[in-house]
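Dropping a structure here in structure tokens format, bear with me for questions.
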Amino acid sequence: MPALNLYDTATRSVSQFTPIKPGEVSIYVCGATVQASPHIGHVRSGINFDILRRWLIKSGYQVTFIRNVTDIDDKILDKASHEDVPWWVLTMKYEREFSAAYAGLNVMPPTYEPRATGHITQMIELMQILIDNGSAYAPGNGDVYLEVRKLKRYLTLSGQRIDDLLTAADLDAATSQKRDPRDFALWKAAKPGEPSWPTPWGAGRPGWHLECSAMAHAYLGERFDIHGGGLDLIFPHHENEIAQSEAAGFGFAQRWMHNAWVTQSGEKMSKSLGNSLLVEKILQRVRPIELRWYLGCAHYRSMLEYSEQALDESAIAFRRIEGFLKRAAELLGKTPEALISDAFAVAMNDDLAVPAGLATIAENLRLGNQGITDADLAAISKNASQIRGALEILGCDPFDSNFAGSTSDDLTQLMDGVIKLSLAERAAARDRKDFAASDAIRDGLAALGITIEDTAQGPRWSITEKS
RNA sequence: GGUCGGGUGGCCGAGAGGCGAGGCAAGGGACUGCAAAUCCCUCUACACGGGUUCAAAUCCCGUCCCGACCUCCA
């Protein structure tokens, strides 16, 4: 099996992945700022990195996966004050919504899921290092800034030049305490009515970037393998993380991976557009496993243009695969085990080429269905297993207990008995060529939401998927 | 202004010098009392203009169009 190759934003190229410690992989992914309900763009990121994690685990690595929760920032405080609730009421509400969305879509919980406000101590320690070694300065008003022009390297991830950056238009040079308008805040001085924590340089709250450097260091050490997040984080967030951590003398991330957007009409989801694409809303249209399939099918670095039509077609395609697996399980008399085909492994090792992996699933599906027609149990078993193995990596295994329906086995058995009585009636009617009667039985069952198919092995029933 | 990415068949979506990924849709066929499911076959493509090459969707130059980041953002 070929080695795993992954893209690195820092070099803009695909290269062989070699972890720092053999057999172990450490990953830090920037999670959400919990200030609104999750939309499908947020969970796409979660799913993309979940697929990476599952593939690393399947490849034999022990994976430590950190995804943080940003629970303090300007927007949160603004919104809390508008809604006249304490900020922590707001963040807890949305953090729970995000957790529920991830769980519903079968995104594995992170190894650790640190909150920014739980790591103020680590942030202060990091600032102390930066101030002691002259990288950062505290002008005395409670703010702490990183002095970017002192850095040996800056903007290496986004490939920009510091002099080309547009500086904030609203920056009032007269009142600013910054030595350079491009210096960014590690720490922001307390404002009346806002939460603050004491530091040696005055009370305040964290700037946006400091938390990730502090938490990555706390959980993964000075160097770790992969840092992930959305494309928009490359600048300034990830550049500034690099700046802080490297200025402190840490090695930081060895590889940077960024997922692309879910777009609408070619544009990144904005808040106004995003409202129509809330996870909760989309799940009124398709099942969670189908949404996961849809979001996971595009390559993580490609834009995914959302449309209801594409979502519906994707769901139908998934049901076809799912239908095969269920038939296969019935014919085999057991759930097929999950196996990884060589072709699927080749695809995944090529920078997680899920679309190429999909083509291998399509081939398995064709051969598996042929196996059903030919009553070739070996072919059914092999192809069902390889499909299941691939779906497990994509997080869309219909046999995964996370997706199990509410129907109990007892109830299913009871249903099976009752429906078989009807099917016996129908078989009798067909034997005497009374097709009106046999069709009436089938139509009656269809009206109840039960689909009947006549297979070579006899009639088969299933619950009709809503569409 | 700077940086980064993109424009592929009716639709979705890969590929990144040489056998037209794959799926959906469409048309034809097989199976079937019908239906469903399934299988087989067929079809349509690389924004535009130049260039390099034996060979270009892929490399180079130019043009047009779209998007992202430089302010919070998955």
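Proteins come first, then strands; the chains are lettered A, B, ... in the order of their sequence lines, and each starts at number 1. Because the structure is predicted, anything quoted here is derived from the model rather than measured.
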Short side-chain N/O contact from A:Arg366 to OP1 or OP2 of B:C40, under 4.0 Å: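 Indeed, a polar side-chain atom of A:Arg366 lies that close.
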N/O donor-acceptor pair, side chain A:Asp454 with base B:C34, under 3.5 angstrom: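 Present.
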Separation of A:His227 atom NE2 from B:A74 atom C1', in whole Å?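 So the NE2-C1' distance, A:His227 to B:A74, works out to 12 Å.
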Could you give the CG-to-C1' distance, from A:Leu367 to B:C39, as a whole number of Å?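 One finds 11 Å between C1' of B:C39 and CG of A:Leu367, rounded.
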Please work out if A:Ala310 contacts a base, only the sugar-phosphate, or nothing of the nucleic acid, heavy-atom cut-off 4.0 Å.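 No contact at all - A:Ala310 keeps every heavy atom at 4.0 Å or more from the nucleic acid.
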Check every strand shown and say whether A:Phe235 touches a base, only sugar-phosphate, or nothing at a heavy-atom separation below 4.0 Å.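 Result for A:Phe235 = sugar-phosphate.
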Using a strict threshold of under 4.0 Å (side-chain N to carboxylate O), is an ion pair present between A:Lys178 and A:Asp143?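 No, A:Asp143 and A:Lys178 are not salt-bridged.
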Once rounded to the nearest 0.5 Å, what's the spacing between atom CH2 of A:Trp88 and atom CD of A:Glu95?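 These two atoms lie 15.5 Å from each other.
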A:Ser302 side chain N/O closer than 4.0 Å to the phosphate oxygens (OP1, OP2) of B:A14?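 A:Ser302 to B:A14 OP1/OP2: side-chain N or O found under 4.0 Å.
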For a quick check of understanding: with a heavy-atom distance under 4.0 Å over all strands, which category does A:Leu157 fall into, base, sugar-phosphate or nothing?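 Nothing, no nucleic acid heavy atom in range.
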Give A:Leu233 one of three labels, base, sugar-phosphate or nothing, depending on what nucleic acid heavy atoms sit under 4.0 Å from its own.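 The answer is sugar-phosphate, as A:Leu233 gets under 4.0 Å only of primed atoms, P, OP1 or OP2.
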Using whole Å, report how far CG of A:Asn383 lies from C1' of B:C39.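 That distance rounds to 14 Å.
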Any base atoms under 4.0 Å from A:Asn369, or only sugar-phosphate, or nothing? Heavy atoms, all strands.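 Result for A:Asn369 = sugar-phosphate.
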Could you tell me how far apart A:Arg320 (CZ) and B:A25 (C1') are, to the nearest whole angstrom?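 After rounding, the reported distance stands at 13 Å.
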Check: A:Asp351 side chain, A:Tyr7 main-chain N or O, donor-acceptor pair, under 3.5 Å: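 Checking the backbone N and O of A:Tyr7 against the side chain of A:Asp351, a donor-acceptor pair under 3.5 Å is found.
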Applying a 4.0 Å non-hydrogen cut-off, can you work out what A:Gly41 is touching in the nucleic acid: base, sugar-phosphate, or nothing?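 Base: the residue A:Gly41, judged by heavy atoms under 4.0 Å, touches a nucleobase.
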When all nucleic acid strands are considered with a 4.0 Å heavy-atom cut-off, which category describes A:Ala353: base, sugar-phosphate, or nothing?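 Nothing, no heavy atom under 4.0 Å.
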In whole angstrom, give the distance that lies between atom CG of A:Asp232 and atom P of B:C70.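 Going from CG in A:Asp232 over to P in B:C70 covers 8 Å.
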Should the pair A:Arg426-A:Asp431 be classified as a salt bridge under the 4.0 Å nitrogen-to-oxygen rule?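 Salt bridge between A:Arg426 and A:Asp431, a charged N being under 4.0 Å from a carboxylate O: no.
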Pair A:Thr451-A:Thr464, side-chain donor/acceptor within less than 3.5 Å: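 A:Thr464 and A:Thr451 do have a side-chain donor-acceptor pair below 3.5 Å.
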Hunt down the Watson-Crick or G-U wobble partner of B:G9, both distances under 3.5 Å, from any strand shown, or write none.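 When the pairing criteria are applied, nothing turns out to pair with B:G9, so the answer is none.
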Would you say the side chains of A:Trp261 and A:Asp232 form a donor-acceptor pair under 3.5 Å?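 No, A:Asp232 and A:Trp261 have no side-chain donor paired with an acceptor closer than 3.5 Å.
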Scan A:His258 against the nucleic acid and name what it touches under 4.0 Å (heavy atoms): base, sugar-phosphate only, or nothing.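 Nothing: the residue A:His258, judged by heavy atoms under 4.0 Å, touches no strand.
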For a quick check of understanding: with a heavy-atom distance under 4.0 Å over all strands, which category does A:Glu363 fall into, base, sugar-phosphate or nothing?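 Answer is nothing: A:Glu363 stays at 4.0 Å or more from every strand.
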Considering only side-chain heavy atoms of A:Asp73, which listed nucleotide, B:A74, B:C72, B:G13, is closest?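 The listed nucleotide nearest to A:Asp73's side chain is B:C72.
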Given atom CD1 of A:Ile419 and atom C1' of B:A36, what is their separation to the nearest angstrom?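 Rounded to whole Å, this separation is 16 Å.
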Counting the atoms with a prime plus P, OP1 and OP2 as sugar-phosphate, which does A:Ser438 contact under 4.0 Å by heavy atoms, base, sugar-phosphate, or nothing?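 Base, at least one base heavy atom under 4.0 Å.
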Contact class for A:Val29 vs. all strands (heavy atom < 4.0 Å): base, sugar-phosphate, or nothing?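 Since no nucleic acid heavy atom lies under 4.0 Å of A:Val29, the category is nothing.
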Could you tell me how far apart A:Tyr306 (OH) and B:C12 (C1') are, to the nearest whole angstrom?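 After rounding, the gap between these two atoms is 14 Å.
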With a 4.0 Å cut-off on heavy atoms, is A:Asp439 in touch with a base, just the backbone sugar-phosphate, or nothing at all?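 Result for A:Asp439 = base.
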Nearest-Å distance for atom pair CD/P, residues A:Gln160 and B:U71: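 After rounding, the reported distance stands at 9 Å.
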